[in-house]
Asks: 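Take a look at this one; I'll ask things after.
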Amino acid sequence: MSDSEKTFYITTPIYYVNDAPHIGHSYTTILSDVLTRFHKLAGEQTFFLTGTDEHGQKVQQAADKAGVSPQEHCDAYSKRFKDAWGELNIGFDKFIRTTDPEHIAYVQDIFRRLWDKGRIYEKEYEGWYSVGEERFFTEKELVDGKDPISGRPVEKIREKNYFFKMSEYQEWLIRYIEDHPDFILPDFRRNEVLGFLRQPLNDLCISRPKSRLAWGITLPFATEYVAYVWVDALFNYQSAVAGKKFPDGSPIWPADYHLLGKDILTTHAVYWTTLLKALDMPQPRHILAHGWWLFDNARMSKTTGNVVAPMAMKDKYGVDAFRYFLIREMVVGQDASFSEEALVQRLNSDLANDVGNGLSRILKLAATGLESRLTPVPSDGEEEAALKKAAGDAVTATLEKVKALKLSFAIEDTLQLIRAVNRYLEVKAPWKLAKEGPAGKDKLNSVLYHSAEALRIGFSLLHPVMPAKMEEALTALGVGVVGSNPVALSPLKWGGYDYAKPLGQGVNLFPRVETEKPAGQKSAGGPGGGPKPAPADPFSLVHLKVARIEEVEDHPNADSLYVLRLKVGEEDRTVCAGLKKHLAKEELRGRNVVMVYNLKPANLRGVESKGMILAAEGEGGKVIPVMPEGAVSGDDIKAADTPFEPKADLTLKEFDKAPLTVQAGIVRYRDRQLNSPKGPVRAQAPDGTAVR
RNA sequence: GGCGGGUUAGCUCAGUUGGUUAGAGCAGAGGAAUCAUAAUCCUUUUGUCCGGGGUUCAAAUCCCUGACCCGCUACCA
């Protein structure tokens, strides 16, 4: 995959210092570590970069709050990541911090070069600044002279900022992505980026005045400004390796892989690439967006008490089992689900039964029959030749899949070899040979030597995933571990070790984890599944409330939307409604309506909408808001005989799963009518009309 | 609403340019063995390949259509 045969430079995103390390950070970092170790195993020169992103408003605020300097705050918080990676056995080559003087100087140099090349221009504008939202609004965006999002007052500020001419590179970028099909991975992400680029690309504001944000990198050509944090952060990938070379003298940049979560793909695929282009610098070879870890039914876990805290799993079952699970279970690019049950399953069936037990049996056989000493012999027999071939095949197949980033499948190929050893032992029955005394000794040696060789190669292939445990395993075979490579000699080559040292004894690599199975309650499905919990009634998650429309305004940016100021009990709410085509302002003002109270806020053309007004959508596009009979603002609306467990930030999709319709003039969920404390919710619409 | 992807064994997924009896791992069942971590090995069950229609000598694979799921995006609110 890599254009370069001998070198491999991989990066993780730099993590925001204020965050606490969690499974998302851990996965990205472990994945990078595993890939790095594999490439190292294949004999390449590698460089693995990770670090922390330390500038920005939130850092400044957190530091102020704690009464320390931003730098002190960063020093303390950055360390949490470094420590976490230590615990996860991450072998990074450099841990960069964006407050490193070298990084700051590098970024300043970049800004200077962009400025000299005329890629940056300044633009002065006057706008309305909302302190609460920390952003500008145009005159047009203001609602009632106030912040359209929070409704708070704004102040008029005249401000100058610097912009990067990103829009000029839109056509180039589209073509580049089309010409390099494996630039953005997986391929469906590439299509999404191309879709994003079908809309006009704006120039990028790359400065922040120090009057608003002081904690950042000062722009060399405008010292009263700091760099926009994303630009600052992205250049870490270069500043960290600036002037550095691989041992053979070849430069480290460009990166072979930028690993990242799908949420920051646009930043990398668009901002980063165009910035590099503007500087005539080589592009990274691949940008890989991986998926997320999901936890099914977190809710139920809480009530039953078996909360899955992924980071605690590494303490409970060991770092290597944790790493193995993450790499084995997630198909790179896809989402995957995390559960303790699945982790234990993998630990027992793959690691304990196959890997650990495989080693255990030959150590014991060698101890009883050969005093733990093996002598290399040629692979004359049919089974021996087959095992030797299986080892070679496993190496080829595993490394090929690693190159294609199919790590979960790569592991499976390696495990095939380990299983082949167990099968070979069954055929040769060395425990019988051991009982034949001196006569069987040569045969026994041959069987155990072949088994040990196959295992040694298998363990070496697993080493990138489970460095600590595999070092223990290889040591048990007498193989020394040099640096992070399993052996100084050929770790992946049959006959690569002479067994000069005796084998170890009594090694239990992965103790089985006993799972308590309540008697008489055998799990219905496989352990992966288990009985699926009954899904909650979709409507039970919905929180409807009566609201009074205080004010109706035109949306500043959208022809079909109103911006409604609502009073919900004592609370003020701003909601957008697509009612402009259907109703005049006067028809709405002062009216009581029903709103979805717990809907996740959405930004609709610049105005944040916190909720949604329910209306019957009749034939011919007629829209009639529903009427809560006699109810007052703030009343809850519930459906008869339906549990009421509102979920915070309900998505529109979740709401759509509980379709509402009109029957006999009353709004219903299925056949249950919706009531306020005062009476039913009515809508003058024909039976069957959908309400939304 | 627009664009894109998906639906294959109880679970997680492979299935190359359409080509014989559709596969792997795990889970289940039966047996063998006893060196080993109640581990291993052998044998083995189950699939209307989401539904419907079409093209073809031949379709999990191509086309149309319906259902459900997911991603991105939107004057969805």
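To find a chain, count down the sequence lines: A is the first, B the second, and so on, and within it residues start at 1.
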Asks: Please tell me which of the listed nucleotides, B:rC3, B:rU40, B:rG25, lies nearest to the side chain of A:R361?
Replies: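 Looking only at heavy atoms from C-beta outward on A:R361, the closest nucleotide is B:rU40.
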Asks: So what does A:N422 hit on the nucleic acid, given a heavy-atom distance under 4.0 Å: a base, only sugar-phosphate, or nothing?
Replies: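 Result for A:N422 = sugar-phosphate.
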Asks: Base, sugar-phosphate alone, or nothing: which one does A:L599 contact when heavy atoms must sit under 4.0 Å apart?
Replies: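 The residue A:L599 makes base contact.
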Asks: Once you apply a heavy-atom cut-off of 4.0 Å, does A:K653 come out as touching a base, just sugar-phosphate, or nothing?
Replies: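 Sugar-phosphate only.
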Asks: Using side chain to side chain contact (heavy atoms under 4.5 Å, CB included) as the criterion, point out the one residue from A:L417, A:T398, A:T414, A:I418 that pairs with A:I457.
Replies: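 With A:I457 as partner, A:L417, A:T398, A:T414, A:I418 yield a single side chain to side chain contact (heavy atoms under 4.5 Å, CB included), made by A:L417.
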Asks: What integer distance in Å separates A:E341:CD from B:rA27:C1'?
Replies: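 Rounded to the whole Å, the gap is 11 Å.
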Asks: Which nucleotide, B:rC3, B:rC76, B:rG71, lies nearest any side-chain atom of A:R189?
Replies: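 The listed nucleotide nearest to A:R189's side chain is B:rG71.
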Asks: Report which part of the nucleic acid A:G578 touches: base, sugar-phosphate, or nothing (heavy-atom distance under 4.0 Å, all strands).
Replies: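 Sugar-phosphate contact only - A:G578 comes under 4.0 Å of backbone atoms but never of a base.
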Asks: Just call it for A:D335: base, sugar-phosphate, or nothing, with non-hydrogen atoms closer than 4.0 Å on any strand.
Replies: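 Nothing: the residue A:D335, judged by heavy atoms under 4.0 Å, touches no strand.
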Asks: Indicate, with a heavy-atom threshold strictly under 4.0 Å, whether A:L579 touches base, sugar-phosphate, or nothing.
Replies: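 It contacts nothing in the nucleic acid.
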Asks: Can you tell me the pairing partner of B:rC26 across any strand shown, Watson-Crick or G-U wobble, with both distances under 3.5 angstrom?
Replies: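 Paired with B:rG10.
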Asks: Categorize A:F510 for me: base, sugar-phosphate, or nothing, with a 4.0 angstrom heavy-atom threshold over every strand shown.
Replies: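 Here A:F510 touches the bases of the nucleic acid.
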Asks: Give one of base, sugar-phosphate or nothing for A:A352, where a contact means two heavy atoms less than 4.0 Å apart.
Replies: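 Answer is base: heavy atoms of A:A352 come under 4.0 Å of a base.
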Asks: Using a 4.0 Å heavy-atom cut-off across all strands, classify A:R512 as base, sugar-phosphate, or nothing.
Replies: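 A:R512: base contact, heavy atoms under 4.0 Å.
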Asks: Assign A:K435 to base, sugar-phosphate, or nothing according to its heavy-atom contacts below 4.0 angstrom with the strands shown.
Replies: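 The residue A:K435 makes sugar-phosphate contact but no base contact.
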Asks: Using a 4.0 Å heavy-atom cut-off across all strands, classify A:N508 as base, sugar-phosphate, or nothing.
Replies: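 Base contact - A:N508 has a heavy atom under 4.0 Å of at least one base atom.
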